[in-house]
Protein chains: 2
Amino acid sequence: MTDEPRRTRGVQRGPRSTHVIESVRAAALTELDRVGFARLAMDAVARTAGVSRTTVYRRWPTKTALLATVVEPVLQRYDTDPDTGTARGDLIAALALIRANSALPEGRALIAAAGEPDSQAVVRAANDRTIAMLERLLTRAVDRGEITTDVRTVAYLAMQGTVMWPQIRDTPLDDAELERFARVLLP
Amino acid sequence: MTDEPRRTRGVQRGPRSTHVIESVRAAALTELDRVGFARLAMDAVARTAGVSRTTVYRRWPTKTALLATVVEPVLQRYDTDPDTGTARGDLIAALALIRANSALPEGRALIAAAGEPDSQAVVRAANDRTIAMLERLLTRAVDRGEITTDVRTVAYLAMQGTVMWPQIRDTPLDDAELERFARVLLP
DNA sequence: CGCAATGGCAACACACTGTTGCCATTGTCC
DNA sequence: GGACAATGGCAACAGTGTGTTGCCATTGCG
């Protein structure tokens, strides 16, 4: 063997390099989808990303930090509200959005992390984001006189869980079920 | 040190011994409550139970098997239905039961295991047990003419998630919220 | 009494975790 | 162009947990 000591292996290095963040995020997503959050190994993420373990640990000290990075883009979808013109329409759109997000690998990762003591903060932040959207939506409906505050309270209780739980059970609601649910809440 | 080779340490051994099952179950519960399902270590369970690791592995080849054993007694509570005389009473009782069970260490262990690919079977079995109860309850209400099949469908969709999801978020519903929810479903 | 069932002990190879010290590369600023 | 700071790779580390295995000890039951 010609003892070639060190060489660049097509990897960009030096200041301001961003490929690491992207490839690690992608790798984490892949691994999360493959083995779930509990079995997620920083080691495997690094290998999949084609990056050194050291590097991963430098940017993300914990699995939870990694989860937060992975999940962020999906959470941003909750920042713009559905606005279909009617309360029921908004409601259905919101339910569908929650369903869609929680079906994504990112969403499933969040679900898997829900039971983990040290991921609580991330999971809670994600939920708060969802709930903020529902709050805006329901309050708007009250303002427009489309629902009473009493309905708002119950809807608020029931909406997220009704969508999320079937998702956890891996038997998501279909569109007809979403609509039927919305019809009962907003008769 | 007088090199005392082997001695019984107050431990019952031989055929038909049952202390192992009980102490391991208790230890597993303790550990589950302490570190959650993901970090549950067979090693720690064995140590806490005062039992050899070998022994634990012999009876429970996987963490999931251990979970199933731990959780079984709680699931049995779903096998007898609430029967208060009215549909709404039954409904509230059922919701309260789900809430109570999922607040127990056993229930929290199940929630934590919900995202784990290899625990899916156990989690699903547990949910099916719950759902079976709800099914019986709602069908009985339909038979008695207290609700329509349409309400049954929606209630069926919404009940479990509405209770479980806040539990996952660690902000369980209070009694007033349970009743309000029941009142909307069964006006 | 003898045996089968049960459990303990010790050791093994393996995998993942965090961490650390040292070196290589590269963009940027002077 | 040269120096430097930022960035990342490599290798090694001790520590912990995982399953598994071979061997031995105890004990209830026929």
Side-chain angles (χ1 to χ4, degrees), chain A residues 1 3-28 30-32 34-67 69 113 116-119, chain B residues 1 3-28 30-32 34-67 69 113 116-119:
Chain A
M1 248 80 69
D3 178 48
E4 259 171 316
R6 299 285 168 89
R7 254 197 313 170
T8 305
R9 299 190 193 75
V11 176
Q12 181 197 357
R13 273 193 273 186
R16 211 59 56 90
S17 62
T18 56
H19 78 284
V20 166
I21 296 179
E22 289 151 31
S23 49
V24 169
R25 176 146 61 195
T30 304
E31 286 298 299
L32 277 169
R34 200 171 60 84
V35 300
F37 181 75
R39 295 203 174 180
L40 183 67
M42 300 295 255
D43 201 30
V45 172
R47 261 181 286 127
T48 304
V51 144
S52 147
R53 218 154 48 84
T54 322
T55 301
V56 177
Y57 274 116
R58 265 198 281 253
R59 281 190 193 273
W60 299 274
T62 62
K63 291 202 307 182
T64 301
L66 193 49
L67 178 67
T69 296
E116 304 289 309
D118 28 271
S119 312
Chain B
M1 249 79 70
D3 178 53
E4 262 170 315
R6 299 286 168 90
R7 251 198 312 170
T8 304
R9 296 190 194 76
V11 177
Q12 180 195 355
R13 273 192 273 187
R16 211 58 58 91
S17 60
T18 56
H19 78 285
V20 166
I21 297 178
E22 289 151 31
S23 47
V24 169
R25 177 146 61 194
T30 304
E31 288 297 301
L32 277 170
R34 200 170 61 82
V35 301
F37 181 74
R39 297 202 173 182
L40 183 68
M42 301 296 256
D43 200 32
V45 172
R47 263 181 285 127
T48 304
V51 144
S52 145
R53 218 153 50 84
T54 322
T55 303
V56 177
Y57 275 115
R58 265 198 282 254
R59 278 189 195 274
W60 299 275
T62 61
K63 291 202 310 182
T64 300
L66 192 47
L67 178 67
T69 297
E116 305 288 310
D118 27 270
S119 310

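So you know, we letter chains A, B, ... as the sequences are listed, proteins then strands, and number each from 1. Fair warning: this is a prediction, and the values are worked out from it, not measured in the lab.
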Quiz item: For DNA chain C, whose closest nucleotide is more 5', that of A/T54 or that of A/A44?
Solution: A/A44
Quiz prompt | Closest non-hydrogen atom pair, A/S23 against A/A49 | solution = O-CB, 3.6 Å
Practice problem: Grab the CG-P distance between B/D43 and C/dA10 for me, whole Å please. | Solution: 14 Å
Quiz prompt | For B/R34, side-chain hydrogen bond (donor to acceptor under 3.5 Å, both in side chains) partners two or more places apart | solution = B/E31
Self-check item: Residues that B/D43 engages under salt bridge (charged side-chain N to carboxylate O under 4.0 Å, His left out), provided they are two or more places apart
Solution: B/R47, B/R53
Exercise. Compare side-chain N and O positions of B/R47 against OP1 and OP2 of D/dG17 and report whether any pair is under 4.0 Å apart.
Key: yes
Exercise. Round to the nearest Å and state the distance from B/I21 atom CD1 to C/dT6 atom C1'.
Key: 11 Å
Quiz item: Between B/T64 and B/E116, is any pair of side-chain heavy atoms under 4.5 Å apart?
Solution: no
Self-check item: For DNA chain D, the residues among residues 34-42 of chain B that have a non-hydrogen atom under 4.0 Å from it
Solution: B/L40, B/A41, B/M42
Quiz prompt | Atom-to-atom span, NE2 of A/H19 to P of C/dT26 - whole angstrom | solution = 11 Å
Quiz item: Rounded to the nearest 0.5 Å, how far does CG of B/L66 lie from CG of B/L40?
Solution: 6.0 Å
Quiz item: Would you call B/W60 and B/V24 a side-chain contact if the rule is heavy atoms closer than 4.5 Å?
Solution: yes
Self-check item: Residues in side-chain hydrogen bond (donor to acceptor under 3.5 Å, both in side chains) contact with A/T54, at least two apart in sequence or another chain
Solution: A/S52
Quiz item: Hey, does the side chain of B/R59 come within less than 4.0 Å of C/dT6's phosphate (OP1/OP2), counting only N and O?
Solution: no
Self-check item: Value in whole Å for how far the P atom of C/dG8 lies from OH of B/Y57
Solution: 15 Å
Exercise. Starting at atom NZ of A/K63, determine the distance to atom P of C/dG18, rounded to an integer number of angstrom.
Key: 9 Å
Quiz item: If you pin A/R58 and B/T55 to their nearest nucleotides in DNA chain C, which one's is more 5'?
Solution: B/T55
Self-check item: 4.5 Å side-chain heavy-atom contact, B/R39 and A/D118
Solution: yes
Quiz prompt | Which residues share a side-chain hydrogen bond (donor to acceptor under 3.5 Å, both in side chains) with A/T55, sequence neighbours left out | solution = none
Could you list all N or O pairs between the protein and nucleotides 12-14 of chain D that sit under 3.5 Å apart?
residue : atom : partner : partner atom : Å
D/dA12  : N6   : A/R53   : NH2          : 3.1

